[in-house]
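Take a look at the structure below.
Order of the sequence lines fixes the chain letters, A, B, ..., with proteins taken first and strands second; residue numbering starts at 1 for each chain.
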Protein chains: 2
Amino acid sequence: MKQKQRKQYAEEFGLAFEQFGITRMAGRILGWLLVCEPPHQSPQDLQDALQASKGSISTNTRMLERLNFVERISLPGDRRTYFQVKADAWSGIMQTEVVALEQFQNMTRRGLEQMDNEPEEQRRRLQEMHDFFQFIQKELVTMMKHWEESKTI
Amino acid sequence: MKQKQRKQYAEEFGLAFEQFGITRMAGRILGWLLVCEPPHQSPQDLQDALQASKGSISTNTRMLERLNFVERISLPGDRRTYFQVKADAWSGIMQTEVVALEQFQNMTRRGLEQMDNEPEEQRRRLQEMHDFFQFIQKELVTMMKHWEESKTI
DNA sequence: TGTTAAGTTTAGTAAATATTGAACTTAATG
DNA sequence: CATTAAGTTCAATATTTACTAAACTTAACA
């Protein structure tokens with residue numbers, strides 16, 4: 001893969017991950033870190049590769065770090081920080097997903113609480129939503145367990 | 001549930017669903033349709049309840065319809081259109097999820113294709129991402145199957 | 001301890017997105 | 001048919017969000 005292709009890939013990755021809710025720049029960084037050589041890159045490297053400002057690289061690497069996609073490493077005799085994609089970067093996505101589902105779950109629960117003494121017919125709409133999200137949440141958790149198992153074997 | 005509570009609920013719902021990627025107004029409409037009485041509402045009803053413009057109600061109900069959250073019904077001797085939440089509104093969310101995952105999947109595949117003749121060590125990062133998403137995708141599909149089964153029983 | 005490099009934070013700006021309001025289309029009813 | 005109501009579309013505006021550039025902080029090294 002040529003350097004130019006990598007940059008192109010980072011751009012596409014940025015666009016694709018925008019839909020996922022992270023900024024385009026964070027997506028570009030992540031895409032770049034997936035294909036770059038070497039796999040660890042300094043903020044300056046990222047700046048050059050992606051033609052972005054220092055500030056933007058800083059905020060977005062922090063965000064990727066917080067979301068568990070990327071980790072920060074240091075090298076002996078080197079003042080700089082390097083970033084690389086985390087080994088278990090992807091299962092974090094599902095963790096995030098579970099948290100989001102919990103929030104929806106809370107929405108339905110709060111609604112149902114306020115309908116305590118209304119007829120089932122009136123509560124049905126929220127009840128259905130509640131049941132579905134409860135199902136999904138449980139399934140996602142076992143799914144992740146399966147994944148962890150398949151990795152350790 | 002008092003009318004005022006319902007409006008309040010719609011507002012909270014709008015905020016919560018914003019994170020999910022739909023507009024705040026679409027979220028408000030959905031939230032309102034989950035608790036309103038009767039369960040079907042005309043655009044005018046929605047306008048009054050949510051204090052929104054005709055245009056915004058129109059665009060957002062269409063969006064909710066397209067996303068399969070809401071359906072349009074008509075009543076005899078009534079010129080207006082009514083909206084109500086669809087019975088299977090929620091499983092659609094997962095369907096959307098599967099489609100999104102497919103896109104990420106495509107991203108990884110295209111990357112790996114461009115790395116055809118590079119050492120495994122270099123491809124590893126993308127390969128891991130690929131494997132994970134493949135796993136999730138399969139699991140989600142069977143999960144939805146379980147859900148469908150649990151409903152028909 | 002002064003100088004420089006690395007990284008963070010923040011104010012300002014640019015870009016994107018949602019909402020309104022008004023013009024337009026379509027169809028129902030007197 | 002003419003009039004009115006219902007709904008859609010679109011241009012303008014308001015709001016939000018991302019990015020840059022510059023100021024600031026921290027720490028390494030001469």
Side-chain angles (χ1 to χ4, degrees), chain A residues 7 10-33 38 40-67 69-84, chain B residues 7 10-33 38 40-67 69-84:
Chain A
K7 293 183 184 182
E11 291 301 326
E12 288 172 31
F13 209 93
L15 283 171
F17 261 64
E18 227 169 9
Q19 303 176 38
F20 172 70
I22 67 177
T23 67
R24 187 177 296 184
M25 188 59 76
R28 282 197 271 242
I29 294 172
L30 190 53
W32 176 260
L33 288 175
H40 53 88
Q41 303 271 300
S42 72
Q44 184 63 57
D45 295 336
L46 295 172
Q47 249 190 92
D48 296 345
L50 307 174
Q51 285 160 91
S53 70
K54 224 155 76 122
S56 185
I57 297 294
S58 175
T59 357
N60 282 292
T61 47
R62 298 191 138 250
M63 154 173 275
L64 288 172
E65 213 184 350
R66 192 170 52 73
L67 293 173
F69 284 124
V70 150
E71 66 191 348
R72 191 176 287 255
I73 62 170
S74 65
L75 299 177
D78 192 334
R79 190 167 177 164
R80 279 165 300 183
T81 300
Y82 292 89
F83 293 100
Q84 63 184 18
Chain B
K7 292 184 184 182
E11 291 301 326
E12 289 171 30
F13 209 93
L15 283 170
F17 260 64
E18 229 170 7
Q19 304 174 39
F20 172 70
I22 66 177
T23 68
R24 187 178 296 183
M25 188 57 75
R28 282 197 271 241
I29 294 172
L30 192 52
W32 176 260
L33 288 176
H40 53 88
Q41 302 271 299
S42 73
Q44 184 63 56
D45 295 336
L46 295 172
Q47 247 191 92
D48 296 344
L50 307 174
Q51 287 160 84
S53 71
K54 224 154 77 122
S56 185
I57 297 294
S58 176
T59 355
N60 283 290
T61 47
R62 299 194 135 249
M63 155 173 276
L64 288 172
E65 212 184 352
R66 194 171 49 74
L67 294 173
F69 284 123
V70 151
E71 65 190 349
R72 192 176 287 252
I73 62 169
S74 64
L75 298 177
D78 194 334
R79 188 165 177 163
R80 279 165 299 184
T81 301
Y82 292 88
F83 294 99
Q84 64 184 17

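- Judged as a side-chain hydrogen bond (donor to acceptor under 3.5 Å, both in side chains), and not counting sequence neighbours, the contacts of R72(B) are E65(B).
- The salt bridge (Lys or Arg N to Asp or Glu O under 4.0 Å) analysis of residues 11-21 of chain A, with sequence neighbours excluded, yields the pairs E11(A)-R28(A), E12(A)-R110(B), E18(A)-R24(A).
- Side-chain nitrogen and oxygen atoms of N60(B) include at least one within less than 4.0 Å of the OP1 or OP2 phosphate oxygen of dT19(C).
- A heavy-atom distance below 4.0 Å to DNA chain C is reached by these residues of residues 21-33 of chain B, ordered by number: T23(B), R24(B), M25(B), R28(B).
- Computed from coordinates, the I73(A) CD1 to dG7(C) P distance equals 12 Å when rounded to whole Å.
- Nucleotides of DNA chain D nearest to Y82(B) and I57(A) differ in position, and the one nearer the 5' end is that of Y82(B).
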How would nucleotides 21-30 of chain C be written as a contact map, 5' to 3', with B for base contact, S for sugar-phosphate-only contact and - for no contact, using protein heavy atoms under 4.0 Å? B-----BB--
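- In this structure, T81(A) reaches the sugar-phosphate backbone alone: every heavy-atom distance under 4.0 Å involves primed, P, OP1 or OP2 atoms, never a base.
- Residues passing the ring pair (Phe, Tyr, Trp, His ring centres under 6.0 Å) test with F69(B), sequence neighbours excluded: W90(B).
- Here R80(B) pairs with D78(B) under the salt bridge (Lys or Arg N to Asp or Glu O under 4.0 Å) rule; sequence neighbours left out.
- Judged by distance alone, with hydrogens and angles left aside, the side-chain atoms of T61(B) form a donor-acceptor pair with the main-chain N or O of I57(B) at under 3.5 Å.
- The phosphate of dA6(D) has neither OP1 nor OP2 within less than 4.0 Å of any side-chain N or O from R72(B).
- Between R62(A) and dT8(C), a side-chain N or O to OP1/OP2 separation shorter than 4.0 Å is present.
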